[in-house]
Chemist: 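Input: one structure, supplied below.
In each ligand, atom 1 is the first atom listed, and ligand 1 is the first ligand listed.
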Amino acid sequence: MAEIFNGIGKIPYEGPKSKNPLAFKYYDAEKVVAGKPMREHLPFAMAWWHNLCAGGADMFGRETADKGFGAEKGTMEHAHAKVEAGFEFMQKLGIEYFCFHDVDIVPEADDINETNRRLDEITDHILEKMNETGIKCLWGTANMFSNPRFMNGAGSSNSADVFCFAAAQVKKALDLTVKLGGKGYVFWGGREGYETLLNTDVKFEQENIARLMKLAVDYGRGIGFTGDFFIEPKPKEPMKHQYDFDAATAIGFLRQYGLEKDFKMNIEANHATLAGHTFQHDLRISAMNGMLGSIDANTGDLLLGWDTDEFPYDVYDTTMCMYEVLKAGGLENGGFNFDAKNRRPSYTDEDMFQGFILGMDTFALGLLKAAALIEDGRIDGFIKERYASYESGIGAKIRSGDVTLTELADYAAEMKTPALPGSGRQEYLESVVNSVLFG
Ligand code: XLS
Ligand code: NI
Ligand code: NI
């Protein structure tokens, strides 16, 4: 197959002083940081849908970028051209993983049997390219939100027939994920939510989503899927209320239905901020529950109330993200999937590369700065010190559970009035972060 991205070679690492737009300034794959090479800390993935399918269309205008890769869109020839383009792209960037939905990799047919045949054909091609290049599958998923049949959701649909179609797609997507050796399987509950309680039985819908997930776990484990299932929380868009609002909500749901052993979180930065949290918040909630699985690496625009899926550029955010990831000991079966797209006016081939160079460099910087923050020790030291009253005396008794409410009240009565709990020193700590970032 002829080269698709002509004139763009392998992207080299040239260091922070380089002004070459087609070079990494910070992402130096083999550089060892906190005990292992950057590429091991940062298993980056390409999202098939944004990178190879989306051409910048929005509700006010058609596509600006040509993602035909020399073939007519909507054909299997095009599906195959995307495979070639995708692998050439990943190789040139040194990206080691990809993520996909079923309908990203083939055009959906009217008959599910024909769609499945196409999926078998295309995954043979993908597998061939994987073997040739060493590139791997991070996770697979089924798109259960674009087709009109899913207008009321998939697992949460009011229609049992639609539930069966959702089940069929999940089954096939699991087959494909296993065929491609994927490390994870994602449930992003696109339309699993509701617009109005006037037509919705929330309790029933949530139970049904859990049923679909349970069926998926049973089937997946049966065909040898040993990776993680992931829930990707998002509070809204396309639905007004989405059931997997944020990490805390999704974790509660998993525990309620006994799914917590098989599932972890796939945290997307832009979804966390849509939920009114920071990215770091949802990472922390996941990590402290042992459920930090994977990351959809993007960023939103805080002035806009929707999922803009921008390539990450904010080093403060990626530093805090990598701080959480380092503290959690890394992502076992997860990675950093660039669920991100170029802005509509960035429509050239080079722009596709620039998006990833920006994203990878921003995470590399985040990793370097997070490692420096931990090494510096002032933040961790302050937090430890802040809770020191629980290390001995009455505090230690509270922690061990070896105390009654009456004893605590007696203790308080004896003190008469407590000392203030100590300054939170937020402004000082923020300046410590700045000094690590820019010092
Ligand atoms: C949409 C989601 C989606 C998932 C995969 O907002 O981010 O792209 O990552 O279905
Ligand atoms: Ni996502
Ligand atoms: Ni998203």
Chemist: If hydrogens are left out, which of F145, W306, W188, W49 has an atom nearest to atom 1 (C) of ligand 1, that is, the closest non-hydrogen atom?
Modeler: W188
Chemist: Do F24 and I357 come within less than 4.5 Å of each other through their side chains, counting heavy atoms only?
Modeler: yes
Chemist: How wide is the angle at the Ni ion (ligand 3) spanned by D307 OD2 and H271 NE2, rounded to 10 degrees?
Modeler: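 Output for this angle: 90°, rounded to tens.
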Chemist: Where is the nearest protein heavy atom to atom 8 (O) of ligand 1: which residue, which atom, and how far?
Modeler: D339 OD2, 3.0 Å
Chemist: Which of the atoms in ligand 1, numbered in the order shown and given with their element, are less than 4.0 Å from a heavy-atom of D307?
Modeler: 1 (C), 6 (O)
Chemist: Please find the pair of heavy atoms, one from G334 and one from P43, that lie closest to each other, and give the distance.
Modeler: O-CG, 3.8 Å
Chemist: D296 heavy atoms, cut-off 4.0 Å: which ligand 1 atoms fall inside?
Modeler: 9 (O)
Chemist: For the Ni ion (ligand 2), which N, O or S atom of D339 is at the shortest distance?
Modeler: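 It is OD2 of D339.
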Chemist: Evaluate H101 for polar contact with ligand 1, using N/O atom pairs at a separation under 3.5 Å.
Modeler: yes
Chemist: So which heavy atom in the protein is nearest atom 9 (O) of ligand 1, and how far is it from that ligand atom?
Modeler: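 For this ligand atom, the closest protein heavy atom is E232 OE1, 2.7 Å.
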Chemist: Looking only at N, O or S atoms, find the one in E232 nearest to the Ni ion (ligand 2) and name it.
Modeler: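 The closest N, O or S atom of E232 to the Ni ion (ligand 2) is OE2.
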Chemist: Relative to the Ni ion (ligand 2), which of the N, O or S atoms in D296 is the closest?
Modeler: OD2
Chemist: Measure from the ring center of F336 to the ring center of F363 and say whether it is less than 6.0 Å.
Modeler: yes
Chemist: Mind checking whether the Ni ion (ligand 2) has an N, O or S of E268 under 2.8 Å?
Modeler: yes
Chemist: Should E324 and R284 count as an ion pair when the cut-off is N to O under 4.0 Å?
Modeler: yes
Chemist: Polar-atom distance check: H271 versus ligand 1, any N or O pair below 3.5 Å?
Modeler: yes
Chemist: Please verify the inter-ring angle class for H277 with H281; under 30° counts as parallel, over 60° as perpendicular, anything in between as tilted.
Modeler: parallel
Chemist: Please determine which of L283, T318, I374 meets the side chain to side chain contact (heavy atoms under 4.5 Å, CB included) test together with Y323.
Modeler: I374
Chemist: So is V186 close enough to ligand 1, meaning a heavy atom under 4.0 angstrom away?
Modeler: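 Judged by the 4.0 Å heavy-atom criterion, V186 does not count as contacting ligand 1.
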Chemist: In terms of relative ring orientation, are H78 and F69 parallel, tilted or perpendicular, with 30° and 60° separating the classes?
Modeler: parallel
Chemist: Charged N to carboxylate O under 4.0 angstrom, E108 versus K172?
Modeler: no
Chemist: Taking NZ in K10 as the centre, count heavy atoms belonging to other residues, nucleotides or ligands within less than 6.0 Å. Is the count above 12?
Modeler: yes
Chemist: Indicate yes or no: does an N/O atom of E268 lie under 3.5 Å from an N/O atom of ligand 1?
Modeler: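 E268 vs ligand 1: N/O contact under 3.5 Å present.
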